[in-house]
Amino acid sequence: MHVYTGAMNTVARFQPRTSSLTTLVLYASLQAAACGGSEPAPSAPQASASPPVEAAPAETASATPLTAPSADAPAEAAAEPDEKPAAAQAAPPGGKSITYRMTPMGLVADVDGVQLEPRAEPLKLGGGWGVKLTVKAKAIDDREHKLQSPSQGPLMVAEEIDRGGKKELVPDARDGDGEMTLEKTSTPLVRELKKPIVSGQSLTLYVGLWGLGTGVDDRKPIKKLFVVKMVAGSHKPQPVVSAPE
């Protein structure tokens, strides 16, 4: 029985020729090496499987850039100076310029070349309390300063008494028209308020001057030069002197 005999004979018939071809190839390779043939060019390196690590981007700037003002901007664009407070623009009491200072000894007021140092102390009046005012006044410039001084002195005082929610207003009245001249040394101006208050009641004094100036022609009253407040209780009250609001 013939089974694929043709194929077997074909293989046998081509075997010698295949061996000759293999020998020829090996011989050609040896000859090329002996003659110093050039080496084959190295193959390009394969790319790394991992991509190169890029440098981290620099931190971005703020969303709002800081820019210098344009040189073409008008001068009016510059910030305007702050306006003066309303209190500084208001007309001072009596048309006089008043400056207040708080010192370790208490309130001091400078009024148009005159220095005033007001003080207050409780005044015992039977079962209640009043207030004794003392204002040291002196000239602090080279001008002559005069105070209008009626019968009760240069101090003008209006009282407000709160008697448990019921307020009593006591205005001041001028009697006479005297005058006094201030010196470089302190002159005490004294006034006693003798409407007593008792425990649970309070007293507010609005103190000014009947008139201040360098002569009769420019002498003007000064209202609310300072304020005194005192509250009566179970112990001796302490009056508090402050600048007017």
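Here the structure is a predicted model, which means the values were calculated and not measured. Just the heavy atoms: all of them, side chains too, but no hydrogens, waters or symmetry mates, feed the values below.
Every residue was checked against the salt bridge (Lys or Arg N to Asp or Glu O under 4.0 Å) condition with Glu183, not counting sequence neighbours, and none meets it. Residues passing the salt bridge (Lys or Arg N to Asp or Glu O under 4.0 Å) test with Lys236, sequence neighbours excluded: none. Residues satisfying the side chain to side chain contact (heavy atoms under 4.5 Å, CB included) test with Gln201, not counting sequence neighbours, are Arg163, Ile197, Val198. Residues satisfying the side chain to side chain contact (heavy atoms under 4.5 Å, CB included) test with Lys124, not counting sequence neighbours, are Trp129.
Sequence neighbours left out, the pairs with a member in residues 98-111 that pass salt bridge (charged side-chain N to carboxylate O under 4.0 Å, His left out) are Arg101-Asp110.
The side-chain heavy atoms of Thr204 and Met230, taken from C-beta on, include no pair separated by under 4.5 Å. A heavy-atom distance below 4.5 Å is not found between the side chains of Val108 and Leu116. Between Val228 and Leu133, some side-chain heavy-atom pair lies under the 4.5 Å cut-off. Between Glu192 and Leu123, the closest side-chain pair of non-hydrogen atoms falls below 4.5 Å. At least one side-chain heavy atom of Pro154 sits under 4.5 Å from a side-chain heavy atom of Leu189. A 4.5 Å side-chain heavy-atom check between Val131 and Glu121 finds every atom pair outside the cut-off.
Leu107 approaches Met102 most closely through the heavy-atom pair N-SD, 3.7 Å. For Val190 against Lys132, the heavy-atom pair with the smallest separation is CG1-CE, 4.0 Å. What you find for Pro237 and Ala232 is that their closest heavy atoms are CB-CA, 4.2 Å. What you find for Ser199 and Ser234 is that their closest heavy atoms are OG-N, 4.2 Å. Here the closest heavy-atom approach between residue Met156 and residue Leu209 is recorded as CE-O, 3.4 Å. Here the shortest heavy-atom pairing between Ala137 and Leu182 reads CB-CD2, 3.9 Å.
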Item to complete: Show your reasoning for whether side-chain contact (heavy atoms from CB on, under 4.5 Å) applies to Arg119 and Lys136.
Response: CA-CA 8 Å; Arg119 302 290 181 266; Lys136 295 181 180 180; over 6 Å; no
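A donor-acceptor pair is defined here as one N or O able to donate and one able to accept, closer than 3.5 Å; no such pair exists between the side chain of Arg191 and the backbone of Val207.
When the side chains of ILVMFWY residues are joined at heavy-atom separations under 4.5 Å, either directly or via intervening members, Val227 and Leu155 end up in two distinct hydrophobic clusters. Grouping the Ile, Leu, Val, Met, Phe, Trp and Tyr side chains by contacts below 4.5 angstrom, directly or via other members, places Tyr100 with Val114. The same ILVMFWY cluster, assembled from side-chain heavy atoms under 4.5 Å apart, contains both Leu212 and Val157. Hydrophobic clustering places Val241 together with Leu203 (ILVMFWY residues linked when any side-chain heavy atoms are closer than 4.5 Å, directly or through intermediates).
The structure places CG of Leu147 at 8.5 Å from CD1 of Ile222, a figure rounded to the nearest 0.5 Å. Taken to the nearest 0.5 Å, the CD atom of Glu117 stands 12.0 Å off from the OG1 atom of Thr134. Separation of atoms CH2 (Trp210) and CD (Gln152) is listed at 8.5 Å; rounding is to 0.5 Å. Note that the CD atom of Glu160 and the CG atom of Leu205 stand 10.0 Å from one another [nearest 0.5 Å]. Within the model, atoms NZ of Lys195 and CD1 of Ile161 stand 6.0 Å from one another, a figure rounded to the nearest 0.5 Å. Rounded to the nearest 0.5 Å, atoms CG (Asp162) and NZ (Lys229) are 11.0 Å apart.
Ion pair Arg219/Glu179 flagged as a salt bridge, since at least one NZ, NE, NH1 or NH2 atom sits closer than 4.0 Å to an Asp/Glu carboxylate oxygen.
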Just list the side-chain donor-acceptor pairs under 3.5 Å for residues 138-146, sequence neighbours left out, or say none.
unit_1: Asp141; atom_1: OD1; unit_2: Arg143; atom_2: N; d: 3.2
unit_1: Asp141; atom_1: OD1; unit_2: His145; atom_2: NE2; d: 2.7
unit_1: Asp141; atom_1: OD2; unit_2: Arg143; atom_2: NE; d: 3.1
unit_1: Asp141; atom_1: OD2; unit_2: Arg143; atom_2: NH2; d: 3.2
unit_1: Asp141; atom_1: OD2; unit_2: His145; atom_2: NE2; d: 3.3
unit_1: Arg143; atom_1: NH2; unit_2: Asp112; atom_2: O; d: 3.0
unit_1: Arg143; atom_1: NH2; unit_2: Asp112; atom_2: OD1; d: 3.2
unit_1: Lys146; atom_1: NZ; unit_2: Thr181; atom_2: OG1; d: 2.9

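Shown here is Lys166, whose NZ atom has no more than 12 heavy atoms of other residues, nucleotides or ligands within 6.0 Å.
In summary, the side chains of Gln148 and Asp177 do present a donor paired with an acceptor at a separation below 3.5 Å, with no hydrogens or angles considered.
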